[in-house]
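Remarks on the structure that follows.
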Amino acid sequence: MHPNQVLAKLRAGQPTVGFWMNTGSPLVAEFAARAGFDWILLDQQHGYWSDDRLLAALQVIAPTDTVPLVRVLNNNPGLIGKALDAGALGVIVPLVNSAAEAAQAVMAARYPPLGARSAGGARNRLYGDDYFAAANQEILVAVMIESREAAERAAEIVAVPGVDVVFIGPGDLAFSLGTFGQKSALHESLIQQVLAAGQAQRVPVGIYCANIEDAIRRAKEGFLFVPCGDDLSLFTQMTRDLVRAWRDR
Ligand code: 3PY
Ligand code: MG
């Protein structure tokens, strides 16, 4: 099995940048995968990826150097196994609030003896005849810390064996604090607490960033796994700019 280049970079302490995809469009995924991002995330929690569209997107990303990841709908072993069997090289699991929930996500993504992922699938084995033997090393498992409760338990969550990345969801974290804006001092201090917990145990920490400026700033702070935009927001921004330019002519 070809080494997972995102895991290789993270294990070497290098930052990785990704692109978030919500459109459910394999065609857009094909173009995004040729832009040179380290990873592309197909979001099945908040995006529009039916199983068929997800499969088609994984097929067009596979021949490129970009690593395809899937955010699954929830921390469900069946959904995690299914995304990996379809050819995702990693999963991001939302709303993980405890070490036990993190262990459940790892369990679903790893084959025995490390986990309980079921043997099967076909596209996964296009990665090599040794897929079953190598997958436990090469499949990325990211668990999302996105509540106050989870952030306060960050040290326990990052310590769960098999967690490759802890990924902060700042939007849900703000919701859990009762604020819709993301800028409170408490919000930021919880973010920094999670970063420190990951760094103390040498587990890479990521955070959702909506634009390249945030991604670069967070990478400078030590976050190793950052997206820098999403397809629908970029498209929205660009089409609005076109209309504004036309109206201002
Ligand atoms: C959040 O900010 O809550 C996220 O899940 C980012 O995708
Ligand atoms: Mg979230």
message: Check whether Thr66 reaches the backbone of Phe37 with its side chain - one donor and one acceptor, N or O, closer than 3.5 Å.
response: yes
message: Run the side-chain contact (heavy atoms from CB on, under 4.5 Å) test on Ile61 and Leu42 for me, step by step, so that the C-alpha distance in whole Å, both residues' side-chain angles and the decisive distance to 0.1 Å come before the verdict.
response: CA-CA 11 Å; Ile61 299 170; Leu42 308 169; 4.3 Å; yes
- prompt: Stepwise, does the side-chain contact (heavy atoms from CB on, under 4.5 Å) test hold for Val91 with Arg71?
  reply: CA-CA 6 Å; Val91 283; Arg71 175 158 74 173; over 6 Å; no
- request: Going by the side-chain contact (heavy atoms from CB on, under 4.5 Å) test, name the single residue among Leu195, Leu190, Ile207 that passes it with Ile168.
  value: Ile207
- prompt: Where do Gly206 and Val165 come nearest, in terms of heavy atoms and distance?
  reply: N-CG1, 4.1 Å
query: Has Arg53 got its NZ or CZ under 6.0 Å from the middle of the six-membered ring of Trp49, at an angle within 45 degrees of the ring axis?
result: no
Option from Val72, Asn76, Asn74 for which side-chain contact (heavy atoms from CB on, under 4.5 Å) with Val93 holds: Val72
query: Would you call Tyr48 and Thr23 a side-chain contact if the rule is heavy atoms closer than 4.5 Å?
result: no
- prompt: Does some side-chain heavy atom of Leu234 sit less than 4.5 Å from a side-chain heavy atom of Phe19?
  reply: yes
message: Donor-acceptor pair, distance only, cut-off 3.5 Å: does the side chain of Thr16 make one with the backbone of Asp38?
response: no
message: If hydrophobic clusters are built from ILVMFWY residues whose side chains come within less than 4.5 Å, do Val143 and Met107 share one?
response: no
- prompt: Centres of the Trp39 and Phe225 rings: under 6.0 Å?
  reply: yes
message: Working to the nearest 0.5 angstrom, can you tell me the gap between Leu173 CG and Glu149 CD?
response: 12.0 Å
query: Would a 4.5 Å heavy-atom cut-off, applied to side chains only, mark Thr236 and Ser233 as touching?
result: no
query: So do Val60 and Phe31 actually touch side chain to side chain, heavy atoms under 4.5 Å?
result: no
statement: Closest non-hydrogen atoms of Ile157 and Ala102, given as atom of the first, atom of the second and distance, are CG2-CB, 4.1 Å
- request: Please answer whether the main-chain N or O of Asp214 pairs with a side-chain N or O of Asn211 as donor and acceptor at a distance below 3.5 Å.
  value: yes
message: I need the minimum non-hydrogen distance between Gln44 and Leu73, along with the two atoms involved.
response: O-CD1, 3.8 Å
task: State, with a plain yes or no, whether a side-chain heavy atom of Gln137 is found less than 4.5 Å away from one of Asn4.
output: no
query: Linking I/L/V/M/F/W/Y whenever any side-chain heavy atoms sit under 4.5 Å apart, do Leu177 and Tyr208 land together?
result: yes
task: Treating Ile, Leu, Val, Met, Phe, Trp and Tyr as nodes and any side-chain heavy-atom pair under 4.5 angstrom as an edge, say whether Phe223 and Ile216 lie in one connected cluster.
output: no
field: Value rounded to 0.5 Å, distance of CD in Glu221 from CZ in Arg218
entry: 4.5 Å
- prompt: Any side-chain heavy atom of Asn75 sitting closer than 4.5 Å to one from Ile80?
  reply: yes
- prompt: Counting N and O atoms only, with roles assigned by atom type, does the side chain of Arg153 sit under 3.5 Å from a partner on the main chain of Asn97, one being a donor and the other an acceptor?
  reply: yes
message: Using the rule that Ile, Leu, Val, Met, Phe, Trp and Tyr join whenever any side-chain heavy atoms are under 4.5 Å apart, tell me whether Tyr111 and Met1 fall into a single cluster.
response: yes
query: Is Lys9 salt-bridged to Asp164, cutoff N-O under 4.0 Å?
result: no
Exercise: do Glu152 and Gln193 side chains pair donor with acceptor under 3.5 Å: no
- request: Using a strict 4.0 Å threshold on nitrogen-to-oxygen distance, state whether Asp241 and Arg244 make a salt bridge.
  value: yes
query: Under 3.5 Å, is there a donor-acceptor pair between the side chain of Glu138 and the main chain of Leu89?
result: no
- prompt: Between Val106 and Val163, is any pair of side-chain heavy atoms under 4.5 Å apart?
  reply: yes
message: Ring-plane angle category for Phe167 and Trp20, please: parallel below 30°, perpendicular beyond 60°, tilted otherwise.
response: parallel
- prompt: Can you check whether Gly121's main-chain N or O pairs, donor with acceptor, with Arg125's side chain at less than 3.5 Å?
  reply: yes
- request: Answer with yes or no whether the hydrophobic clustering places Leu114 together with Leu140; edges join I, L, V, M, F, W, Y residues whose side-chain heavy atoms lie under 4.5 Å apart.
  value: no
- line: Between Ser25 and Met21, the two heavy atoms sitting closest are O-CE, 4.2 Å
- prompt: So Ile145 and Val96, side-chain contact (heavy atoms from CB on, under 4.5 Å) or not? Walk me through it.
  reply: CA-CA 6 Å; Ile145 289 189; Val96 169; over 6 Å; no
query: Thinking salt bridges, do Glu213 and Arg217 make one under a 4.0 Å N-O criterion?
result: no
statement: Between Pro68 and Gly87, the two heavy atoms sitting closest are CG-O, 3.9 Å
query: What closest approach, in Å, do Cys228 and Ala215 show between heavy atoms, and which atom pair accounts for it?
result: CB-CB, 3.8 Å
message: In the structure I gave you, are the side-chain heavy atoms of Glu156 and Ser98 within less than 4.5 Å of one another anywhere?
response: no
- prompt: Between His187 and Pro170, is there a donor-acceptor pair closer than 3.5 Å when you use the side chain of the first and the backbone of the second?
  reply: yes
- prompt: Can any side-chain N or O of Thr179 pair as donor or acceptor with the backbone N or O of Ala174 at less than 3.5 Å?
  reply: yes
- request: Take Leu7 and Val67 through the test side-chain contact (heavy atoms from CB on, under 4.5 Å) and record every step on the way to the result.
  value: CA-CA 10 Å; Leu7 277 175; Val67 170; over 6 Å; no
message: Does atom CG (Asp130) have a neighbourhood of more than 12 heavy atoms from anything else shown, all under 6.0 Å?
response: yes
message: Between Arg117 and Arg110 (side chain of the first, backbone of the second, donor and acceptor by atom type, cut-off under 3.5 Å), is there such a pair?
response: no
Approximate separation, where rounding is to 0.5 Å, of His2 NE2 and Leu126 CG: 14.5 Å
query: Does Asn124 reach the main-chain N or O of Gly120 with its side chain, forming a donor-acceptor pair under 3.5 Å?
result: yes
